[in-house]
Amino acid sequence: MGILTRSFFEQDTLSVARELLGKKLVHNLDGQRLSGMIIETEAYIGTTDTACHASKGKTPRNAVMFGKAGIAYIYFVYGMHYMLNVVTEAEGNPCAVLIRAIMPVEGRAEMQNRRKKSGKNLTDGPAKVCQAMGIDKGLNGWDLTRGESLRIEEYQKISSDRIQRTPRIGINYAAQKDKDALWRFRVG
DNA sequence: AGCACGATCTGA
DNA sequence: CAGATCGTGCTA
């Protein structure tokens, strides 16, 4: 129900990052429905953003960022973690939104299981999102607008006064202007 | 072929 | 604050 369409993701990246808050990330996995409300995102905006993987050009890893909006960009970092992004903007403009945190909705027990421990209701951190939802590199390039398996659905409306903007996390290698940019959004 | 490093998390 | 842990991209 209410699956987000390609035109939603084709909007400018900051708008998509903001509007993804309150949407529901859903994954059908082993016959179970796992889902969570998105509560934190970050925007990575094209070749001029030195924090963005695509800023140094197209490589095998970041290739899907150069493709259609609404495609999942999933990569592996630190030798152990997966990160989930959604490609935004027009084809050829390599931008994406990183899904940094969700609040579990359906399949909480299963998600809890998938996480080894921690009794927290809130999954915080992009690696935890993938761990809890069972998302890995196999879904890199997946079209989220297909409406099967992994997709994003309408869920809750978040009023703008509940949205905080801060600098992005873990990008010390980036230029100062990009470190300073308030391109991280979360529900407060 | 070798190497440095990362859009992180955990536990001390 | 160090350690885990390995794919990726750059240099040669």
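A quick note: this is a predicted structure, and the numbers were derived from the prediction, not measured.
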In whole angstrom, what separates [X]'s [atom1] from [N]'s [atom2]?
X: A:Lys179; N: B:dA7; atom1: NZ; atom2: C1'; answer: 14 Å
X: A:His81; N: B:dG6; atom1: NE2; atom2: P; answer: 15 Å
X: A:Tyr73; N: C:dT8; atom1: OH; atom2: P; answer: 10 Å
X: A:Arg61; N: B:dC5; atom1: CZ; atom2: C1'; answer: 10 Å
X: A:Ile74; N: B:dG6; atom1: CD1; atom2: C1'; answer: 18 Å
X: A:Gln131; N: B:dC9; atom1: CD; atom2: P; answer: 10 Å
X: A:Glu40; N: B:dT8; atom1: CD; atom2: P; answer: 10 Å

What's the closest nucleotide to the [X] side chain, out of [options]?
X: A:Leu98; options: B:dA7, B:dT8, C:dG9; value: B:dA7
X: A:Phe76; options: C:dT8, C:dC6, B:dA7; value: C:dC6
X: A:Thr59; options: B:dT8, B:dA7, C:dG9; value: C:dG9
X: A:Lys137; options: C:dG9, C:dG7, B:dT8; value: C:dG7
X: A:Ile169; options: B:dT8, B:dT10, C:dG7; value: B:dT8

For this session: Pick base, sugar-phosphate or nothing for A:Ala51, based on heavy-atom distances below 4.0 Å to the nucleic acid.
Result: base
For this session: Assign A:Met80 to base, sugar-phosphate, or nothing according to its heavy-atom contacts below 4.0 angstrom with the strands shown.
Result: base
Exercise. Taking OP1 and OP2 of B:dA7, is either one under 4.0 Å from a side-chain nitrogen or oxygen of A:Arg184?
Worked result: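 No, outside the criterion.
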Exercise. So, is A:Lys56 close to the C:dT8 phosphate, meaning a side-chain N or O under 4.0 Å from OP1 or OP2?
Worked result: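 No, no such contact exists.
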Problem set entry | Option from A:Glu106, A:His27, A:Lys24 for which side chain to side chain donor-acceptor pair (under 3.5 Å) with A:Ser35 holds | A:Glu106
Exercise. Honestly, is A:Arg61 close enough over A:Tyr73, meaning NZ or CZ under 6.0 Å from the six-membered ring centre and within 45° of the axis?
Worked result: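 Judged by the rule, A:Arg61 and A:Tyr73 form no cation-pi pair.
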Exercise. Under the criteria of a ring-centre distance below 5.5 Å and an interplanar angle below 30°, is A:Tyr173 stacked with the base of B:dG6?
Worked result: no
Problem set entry | Polar side-chain atom of A:Glu42 near backbone of A:Ile169 as donor-acceptor pair, under 3.5 Å | yes
Problem set entry | Qualifying residue, where the test is side-chain contact (heavy atoms from CB on, under 4.5 Å) with A:Arg146 and the options are A:Asp143, A:Leu144, A:Leu150 |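 Exactly one candidate clears the test, A:Asp143.
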